[in-house]
Structures are given as C-alpha cells and as structure tokens.
Amino acid sequence: MTLWNVWNTAVVQRRVAGEGNLSANSSLHRCNKHYMKTQSPSVPGGNFPVPAKSTTPLLALRCSQAIRPYLPEDTGNTDGSVAILIDTPVVFSHISNAAAITIANPASPGSLSVTVNVDGKTLTTGTVPLNATKHALTFSLSSLTPRKAAYSISCTATHSSQTFHATGSLTYLPALPSGIGSVTKMDQRTGALLARPANGKGGAYAPVFPIGFYTQFDNYLATDFTIPAKLKSQGFTVIHPVPDFANMTAFDLVLDKMQDAGIYLMYDMRNTYMNSTSVTTQVNHIKSRPNLLLWYTGDEPDGTSDPLNATVTASNLITSLDGGDGVGGAGYHPVSLVLNCQDYQFNSYAAGSDIVMQDAYTIGNNVTFSTVWGTPCTTDYGDCGCDNCKGSFADISTRMDEFKDRLFINGWDRTKAVWTVPQGFGNDTYVCSRFPTGKEFVVESVVGMNHGGLGVVSWDDPTSAEIKASASALALALPNMTSFILSPRATFKQVTTNGIDAGMWTIGSQTLVLASNTNYASVVLRLQDLGFPATVGSITQVFNSGTEVDSARFHLIFESVGSGGFIVQK
C-alpha cells in the first residue's frame, strides 16, 4: 500500500461536507463554536474585519493581468486578452489600497493617467476613467520572458496633482512542459475558467462552466465504468471524485473513462492536504491528466478549525509542483476549496485558493435547533450544519454576496472567483432530513449563479432521480446561457423582486434573464419589474424548470419554486 493510499484511508478528524458525520475524535466545536449540552456558548471570533467608513471619497486603485497564466502561445493574440486590467473604484470605506482623492466636480470626475511597470520598465500606459471596472491596457508579451516566477507589476496613476499606487503580479509561464497534461486559465475579466477540450485531442481554449457533483467513488464510480459517459450525455462538465480511493487501478481507469467522455476532473485532496508528502505524491500522479481542470484542498477547513496557514501552505506546494513558483504565482491549474462558516477566519482560509466555494444547506434543515445535540444554534453556540442561516433560499444569496463583497474589500475580486455547492442530498441523520425536490435544487443552483457563482458542484452523487433529472436539464441548457454568463463583453445586473431572484447578462440588444421563484406559490413577473421597457422585441425561453412566457403581455409566469432562462431581444 502506497503512502497515498495510507493517508487516503486514514481516519481523519473532520466532517465530510454534507454527510454530517463527526468522527469520535473530532474537536468539540464547529466554526469555533461549542455545540454540546455540556459546553457553554463560545464566541467564535475570527470575524471578517469590516472596513471603516469615510465621509470623503477614496480611490482603491487595482491592477491585474486579464488572463492568468499567460503562455508563449498567447504572444500573437490580438483580441485584447493580453492586457493589464485597471480598476478605479471610488468608495467611501477604507477597503484595501483605498487612498483619499479630491474630485473637484463629482458630476464629471475625470480620468487617471496610468503607467504599468514591470521590473522598473514600462509595460503599458493609458488613460482610465474614474470608477472604471476592468479597463484593459493592452501590452505585448514579447517584452517579457516566460518563467516560473511571477512578475511583480506596479501601477502608478495621476489625477490632477494627486498620485496613486497599486501593485499586482503577472504570471507568464513557459510552454507546457513534459509531465503536465493541460492548462486551465482564469479569465480575470469574468472569473471564468478557460480550458481546452477535456478529451485531450486538442482544440481551442474556451470558457468552461463547471457543473456536476461531488461524486462517490468506491460505491459508485468504481462500480460502473460507463458512468462518466452517462454523466457527459446528461450535460455535466465536471466530476469531483470524493476520496477515499481504495482501488487505485480502478481510480486510474475511471479517470481514463472521464477523459474518453470529455468530462473534466476536479481533484480532491481533502483528507491529506496538510501532509506535504502525500500531496506531492498525488499531484505528481495526477498533473499529467489532459482533463484535469483544477485542484481541491480544504473541505470546510473553517468548520474544523484547521491551522490558519494550512490552505496557503497546501496551495503553494501544489502550485510549485504544477509549474508555478510556489510563492503566490499561478501554476497551470487553479486551486479551490469550500468554506462552511458564515464568518470565521475567511481571510486566512480563502487566501489559499483561487476558487472559493460556499455550501449553505437549508432544505429539510432546522437551522435554529440541533436535534442531534439537543441545543439551539446561535451566533455563538451550536451546530446545525448551516452556520448562522435563517432557513431559506436567501441564505445562499446572502452567503454568495458576503463572500464576493469580502473579495472586493480585500482587492481579491479579480484573482479569485466564487462557486456554489447546492444541496443534492437528504434523509441525513445530522442535518437535512429530506432531499430537495428537483425544482428546489434548481432554485439553489440558479440563486448561486445569479449572485456570482461561476461553477455549480453539488454534494453529492448518487442523488435522487428527481434531482439528477433537474440538474441535467439545467446542465443541458447551460450552453445557450454561458455565452452570456461567461462573456467579458456582458454587463450584469441582479434584481430581486416579489421573491423572484433574477440575474441579467446583456450583450448588445440581447439580455439573458435567468430567474428563480424563491416563493412556495406561483408568481407573475413583468419584464418592466426587471427594468425592461414596456414592450420588447421578443422573448425566447432557453431553460424551463416550472416557468412559461406570456408573450402578449411580456410577462414571465413562475410556478411554486419555478425557474427559467429567457433571452430577451430589446
């Protein structure tokens, strides 16, 4: 038995996401709160530091590369993707890198003159408006040499007689070396992942919307090698095998079948991510896979109070083995994790990831009282599986919004993205006494997407036939929607009205409306309620989970917990 197998089959002191099973040796706190009757409440601490308010305007200058990493193959790109993104938000709170700015005429605030330097040499310059978002200043990669080490970039902006500074990094890796089978880039204009086809047969990079499940291995994937092809036919783009893997021959065969089917791998090291020897063995074994999309380290490390440096240490090691510098620059694949707590040591744990996932589970869950422990769940006591939740779909949107807001406050909003983990399980002895219905599952997913989720990976498969069918319907409809959701040309707006949670992505004269009814009653939604004019050119439905269109009156009709996707032509 290899060291990898030993560590993968070891008893670990953590609760597996969604299963709710605590090992006998688990520490007696969750999200740093006590949860047993014999314990008293314990203020968890570790809250996200809320920035102080300002009565005068502040400029929070930011700069980052548009696509990460760049490769030599990008040298000839003329599509504007080889660029430094400049963000110039004017804010009234002391977020990261915020500095006082004097604006003589707020109605016409003017622009900034920006210079971007690398190693003391000018990379690009340009004029950037105040309050700009992802303003691109193009440059030529021919002025740089590809290398493992990330370049440090410095941005200087002047406005009238005022000068502002920001720093960032630029990863420009060598061509894919022998032993690494693929590259996954992040489009930092959108947060989307870019990859070649998962079958390893070549093809152009394209945006990938990961949709699938954390997937049981020994009792599911290893029992039927046709499952990857079935999941692919159902529209799913990613499989996240849940360790442990008792039979490594079967595991490698499953990965082969995933590649044959053209489905991506999200590789999980939850049980061993803090053991450098095991991580090294696993990464070196997996990184040659052409269908590897991304790595996964901590599974609810905040819930189990893992060491605060654990996720950063693991990410740096993984990146160093995956072609990067191991000190903060990117490798050939991003790193992900899931956080379970509403607000416990977010900065420390999220620092070790490119993709931050959230898993607020509320269906069939009493979020205010634990029947397992016989205790209430409050902000300083108890464990109901959904930390500080209220028990509605709004828990998902709130968690997504909080995570995204924290990324913005920290200046991480370009370099990190947020994904959602909808509840796909039930009949659980710890939390979630019932499975969601298929329509409820879709609402969970769509609400996560409308609040910034660029991946939907549910716990867990096998799931109910109803959930699988509804998840498949959403997955099969996504190609008609991701051309909006993942486009850097799209402008986005989210609106919640009368319990309808709607996301709107607009490109030119067309808008994708993706909406869910969070009410357990039917609702009629006028397009005017979303900001459209009284009449529009046409409404084309591209996804249906309990909705229909009244084209004569430009209304959308939602069943109880119904969802739908519509392309509106103005």
Side-chain angles (χ1 to χ4, degrees), residues 8-39 41 213-221 223 240-244 246 268 270-271 298-306 338-342 344 357-378 381-393 395-396 399 420-438 440-441 444 457-468 471:
N8 263 340
T9 56
V11 175
V12 291
Q13 296 183 10
R14 66 177 58 251
R15 184 174 70 181
V16 177
E19 290 182 318
N21 297 320
L22 287 164
S23 75
N25 295 322
S26 291
S27 56
L28 301 180
H29 56 80
R30 183 75 180 170
C31 296
N32 213 36
K33 303 176 191 177
H34 289 153
Y35 57 82
M36 298 190 72
K37 281 185 175 180
T38 55
Q39 299 172 299
F213 290 81
Y214 291 76
T215 308
Q216 297 301 321
F217 186 79
D218 289 340
N219 65 351
Y220 184 50
L221 289 173
T223 66
H240 181 144
V242 179
D244 306 324
D268 189 327
R270 69 179 65 198
N271 294 344
D299 191 83
E300 303 181 347
D302 52 344
T304 49
S305 299
D306 290 355
V338 68
L339 298 181
N340 179 245
C341 306
Q342 182 261 331
Y344 178 65
M357 306 170 75
Q358 69 78 30
D359 59 358
Y361 303 140
T362 62
I363 303 296
N365 186 6
N366 185 340
V367 298
T368 60
F369 187 85
S370 170
T371 56
V372 174
W373 303 111
T375 63
C377 291
T378 68
Y381 189 56
D383 175 18
C384 288
C386 192
D387 188 44
N388 296 338
C389 290
K390 306 300 182 184
S392 71
F393 293 116
D395 289 318
I396 298 169
R399 192 68 54 91
T420 192
V421 182
Q423 176 190 334
F425 70 99
N427 297 343
D428 188 80
T429 58
Y430 195 85
V431 294
C432 303
S433 60
R434 71 171 178 88
F435 279 82
T437 65
E440 287 174 325
F441 178 89
E444 294 180 294
V457 185
S458 171
W459 183 273
D460 67 335
D461 196 19
T463 186
S464 72
E466 184 179 352
I467 287 176
K468 181 60 73 68

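Heavy-atom basis, side chains included; hydrogens, waters and symmetry copies ignored. It should be emphasised that the depicted structure is a prediction, and the values quoted were computed from it without experimental measurement.
Remark: side-chain polar atoms of Q423 are not paired, donor with acceptor, to backbone N or O of Y361 under 3.5 angstrom. The backbone N or O of Q39 lies less than 3.5 Å from a partner atom in the side chain of Y381, making a donor-acceptor pair. Judged by distance alone, with hydrogens and angles left aside, the side-chain atoms of R399 form a donor-acceptor pair with the main-chain N or O of N340 at under 3.5 Å. A donor-acceptor contact shorter than 3.5 Å links the side chain of K33 to the backbone of T378. With hydrogens and angles disregarded, no donor-acceptor distance shorter than 3.5 Å links the side chain of D268 to the backbone of P243. Listed for the S433 side chain is a donor-acceptor partner under 3.5 Å among the backbone atoms of G364. Side-chain atoms of E466 come within 3.5 Å of backbone N or O of G438 as a donor-acceptor pair. Of the possible donor and acceptor atoms, one in the side chain of T215 sits under 3.5 Å from a partner among the backbone N and O of F213.
Of all heavy-atom pairs spanning Y344 and S305, the tightest one is CE2-OG, 3.8 Å. Closest approach of E444 to P422, counting heavy atoms only: CB-CB, 3.8 Å. Taking every heavy atom of both residues into account, V367 and C377 meet most closely at O-CB, 3.6 Å.
There is no side-chain donor-acceptor pair under 3.5 Å between D460 and S458. Side-chain N/O atoms of Q358 and T420 include a donor and acceptor closer than 3.5 Å.
Between E440 and F435, the closest side-chain pair of non-hydrogen atoms is not below 4.5 Å. Side chains of F425 and T463 form no contact here, defined as non-hydrogen atoms less than 4.5 Å apart. In this structure the side chain of P436 reaches within 4.5 angstrom of the side chain of I467, judged on heavy atoms. The closest side-chain heavy-atom distance from F441 to I363 is not below 4.5 Å. A heavy-atom distance below 4.5 Å is found between the side chains of R30 and E300.
Taken from CG in D299 to CG in L339, the straight-line distance is 10.0 Å, to the nearest 0.5 Å. Rounding to the nearest 0.5 Å gives a distance of 5.0 Å between OH of Y35 and CG of L28. Remark: D387 CG to D302 CG distance equals 8.0 Å, nearest 0.5 Å. Atom CG of residue N365 and atom OG of residue S370 lie 9.0 Å apart, to the nearest 0.5 angstrom. Going from atom CG of D395 over to atom NZ of K390 covers 8.0 Å, rounded to the nearest 0.5 Å. In this structure, the separation between CZ on R270 and OG1 on T304 is 11.0 Å, given to the nearest 0.5 Å.
Note on ring orientation: taking the six-membered ring where Trp is involved, the planes of Y430 and W373 are perpendicular (angle over 60°, cut-offs 30° and 60°).
Considering D461, D359, V421 in turn, V421 is the only one that fulfils the side chain to side chain contact (heavy atoms under 4.5 Å, CB included) rule with Y214.
Cysteine sulfur proximity is not satisfied for C384 and C389, their SG distance being 2.5 angstrom or more.
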